[in-house]
Amino acid sequence: FLPPAPIFRPRTPTARHRGLPICAAASDAPPPDAETDEGEAPRGGRKDRRRVVRIAWEKLVRWSRSWRSRNRSDVLETTRKVVVLGGGSFGTAMAAQVAAKKPDLEVAMLLRDDLVCRSINDRHVNSKYLSEYSLPENIVATTSASEALAGANFCFHAVPVQFSSSFLESISTYVDPKLPFISLSKGLELNTLRTMSQIIPLALGNPRQPFIVLSGPSFAVELMEKLPTAMVVASKDRKLASAVQQLLASSNLRISTSR
Ligand SMILES: NC(=O)C1=CN([C@@H]2O[C@H](COP(=O)(O)OP(=O)(O)OC[C@H]3O[C@@H](n4cnc5c(N)ncnc54)[C@H](O)[C@@H]3O)[C@@H](O)[C@H]2O)C=CC1
Ligand SMILES: O=C(CO)COP(=O)(O)O
């Protein structure tokens, strides 16, 4: 479900390109003889030139593929811990989704209910939401904000919009100002008509808190059932959107990026 790698097709030199050292910069091979004009070029010269272009192009394609795959694996490789704020249906489903991507990733869920924490930690089941599904064992639940947020590389926010301001204000001292916040919550705050992109920086007192939106249409149950699901991740920071895409996308979850 990851987007396909762009396909680069080497173009046969056309009249417009003739005499130009196409792709010469990407090749170790010497550029074709700039003096050679097609009209005068012996057949062998033209063949050599095509070969040089082909080799340069193949090199460029190999570099592009390796760069893409390096970037793709880097996000998962370098992510050690994610935190999920809110352990309702969607927080639980996203925790399960990301935990399944990497068994040694620590997925910390910040909850209010100690009994639910115990059911997750001891039995790997959220006794209150989606209790019919087993959760990956690398999900740990806590009621301590400092514990949940310490050392996290990404934060998923799944507390309903109407309670988000007060909840975030209460935990703001534990939030690293560089921690990327991925909002799963949808809607407007009543009275203020603020969106989550306004609520999060205001409540945390940090206008520069990295912010990403992850949106469906998608439902918690379809993720738990591993049904084919599509989502969109959007951020003003294109690299961050792409990082979240790599972190979450799987064979059942296709994620597109947007700005
Ligand atoms: N359920 C779904 O399939 C989807 C839900 N969403 C969005 O995700 C957000 C969360 O939805 P659900 O997980 O379905 O809701 P939910 O009602 O299942 O869970 C809400 C969670 O927030 C916690 N919470 C409520 N008030 C709180 C407060 N004052 N402080 C701290 N925690 C509090 C609850 O304890 C619970 O863990 C919503 O904005 C919803 O629109 C988005 C896509 C799909
Ligand atoms: O957004 C949803 C599905 O995409 C569900 O959100 P609610 O749970 O707020 O209806």
Side-chain angles (χ1 to χ4, degrees), residues 82-100 107-121 123-133 135 139-149 152 154-175 181-200 202-204 211-235 244-245 247-250 252-256 258:
V82 304
V83 56
V84 180
L85 309 177
S89 306
F90 212 47
T92 303
M94 288 312 293
Q97 173 70 26
V98 70
V107 180
M109 293 180 72
L110 177 61
L111 313 180
R112 293 182 298 176
D113 187 333
D114 204 35
L115 277 180
V116 178
C117 282
R118 263 191 267 162
S119 73
I120 292 176
N121 295 336
R123 296 188 285 116
H124 311 293
V125 161
N126 182 332
S127 54
K128 206 160 169 188
Y129 298 90
L130 304 168
S131 57
E132 60 276 38
Y133 298 95
L135 300 174
I139 297 181
V140 286
T142 176
T143 53
S144 155
S146 67
E147 219 174 87
L149 284 152
F154 290 94
C155 173
F156 291 89
H157 179 94
V159 172
V161 174
Q162 304 318 323
F163 311 110
S164 287
S165 287
S166 55
F167 166 73
L168 288 170
E169 279 163 16
S170 74
I171 63 160
S172 63
T173 48
Y174 307 110
V175 175
F181 255 71
I182 303 154
S183 174
L184 307 171
S185 304
K186 294 193 261 187
L188 295 175
E189 189 176 54
L190 295 175
N191 303 324
T192 66
L193 301 184
R194 285 185 185 125
T195 60
M196 287 306 294
S197 62
Q198 297 167 308
I199 292 169
I200 288 177
L202 268 173
L204 296 177
F211 178 74
I212 306 106
V213 174
L214 185 61
S215 182
S218 55
F219 291 101
V221 169
E222 67 185 7
L223 280 174
M224 297 307 285
E225 294 279 353
K226 301 209 179 303
L227 293 171
T229 305
M231 298 186 88
V232 176
V233 63
S235 178
V244 175
Q245 179 191 44
L247 186 67
L248 290 173
S250 68
N252 65 296
L253 176 58
R254 181 182 184 130
I255 302 187
S256 309
S258 180

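Since the structure is predicted, the reported quantities are computational estimates derived from the model, not experimental observations. Indexing begins at 1, ligand by ligand and atom by atom, following the structure's order.
- Each of the atoms 37 (O) of ligand 1 lies under 4.0 Å from some heavy atom of Gly87.
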Show every donor-acceptor pair shorter than 3.5 Å between a side-chain atom in residues 166-173 and any protein atom, with sequence neighbours excluded, or say none if there are none.
from, atom 1, to, atom 2, distance (Å)
Ser166, OG, Phe163, O, 3.3
Ser170, OG, Phe167, O, 2.6
Ser172, OG, Glu169, O, 3.2

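- Contact annotation: Gly216 has no heavy atom less than 4.0 Å from any atom of ligand 1.
- Taking any N or O of Val159, backbone or side chain, none lies under 3.5 Å from an N or O belonging to ligand 1.
- Relative to atom 1 (N) of ligand 1, the option among Ser166, Pro217, Gly88, Ser89 with the closest non-hydrogen atom is Ser89.
- Taking only non-hydrogen atoms, the option from Gly86, Pro160, Ser185 nearest to atom 22 (O) of ligand 1 is Pro160.
- Between the side chains of Ser197 and Thr195, at least one donor-acceptor pair of N or O atoms lies under 3.5 Å.
- Contact annotation: the side chain of Val125 never approaches that of Tyr133 to less than 4.5 Å [non-hydrogen atoms, C-beta and beyond].
- The closest side-chain heavy-atom distance from Leu247 to Phe156 is below 4.5 Å.
- For the residue pair Ser250/Gln97, the side-chain donor-acceptor check at 3.5 Å is satisfied.
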Show me the donor-acceptor pairs within less than 3.5 Å that the side chains of residues 142-149 make with the rest of the protein, sequence neighbours left out.
from, atom 1, to, atom 2, distance (Å)
Thr142, OG1, Ser144, N, 2.9
Thr142, OG1, Glu147, OE1, 3.3
Ser144, OG, Ser146, OG, 3.4
Ser144, OG, Glu147, N, 3.1

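- Within ligand 1, the atoms closer than 4.0 Å to a non-hydrogen atom of Leu184 are 6 (N), 7 (C), 8 (O), 42 (C), numbered from 1 in the order shown.
- Between the side chain of Thr229 and the main chain of Leu227, a donor-acceptor pair closer than 3.5 Å is present.
- The distance criterion of under 3.5 Å between nitrogen or oxygen atoms is met by Phe90 with respect to ligand 1.
- Judged by distance alone, with hydrogens and angles left aside, the side-chain atoms of Ser256 form no donor-acceptor pair with the main-chain N or O of Val232 at under 3.5 Å.
- Short contacts between ligand 1 and Phe219, defined as distances under 4.0 Å to a heavy atom of the residue, involve ligand atoms 3 (O).
- When Glu222, Arg112, Met224, Met94 are ranked by how near their heavy atoms come to atom 35 (O) of ligand 1, first place goes to Arg112.
- Per-residue contacts place Ala220 under 4.0 angstrom from the following atoms of ligand 1 (heavy atoms of the residue considered): 2 (C), 3 (O).
- At a heavy-atom distance under 4.0 Å, only backbone atoms of Ala158 (N, CA, C or O) approach ligand 1.
- Inclusion of Phe167 in the set of residues having an N or O under 3.5 Å from an N or O of ligand 1 is not warranted.
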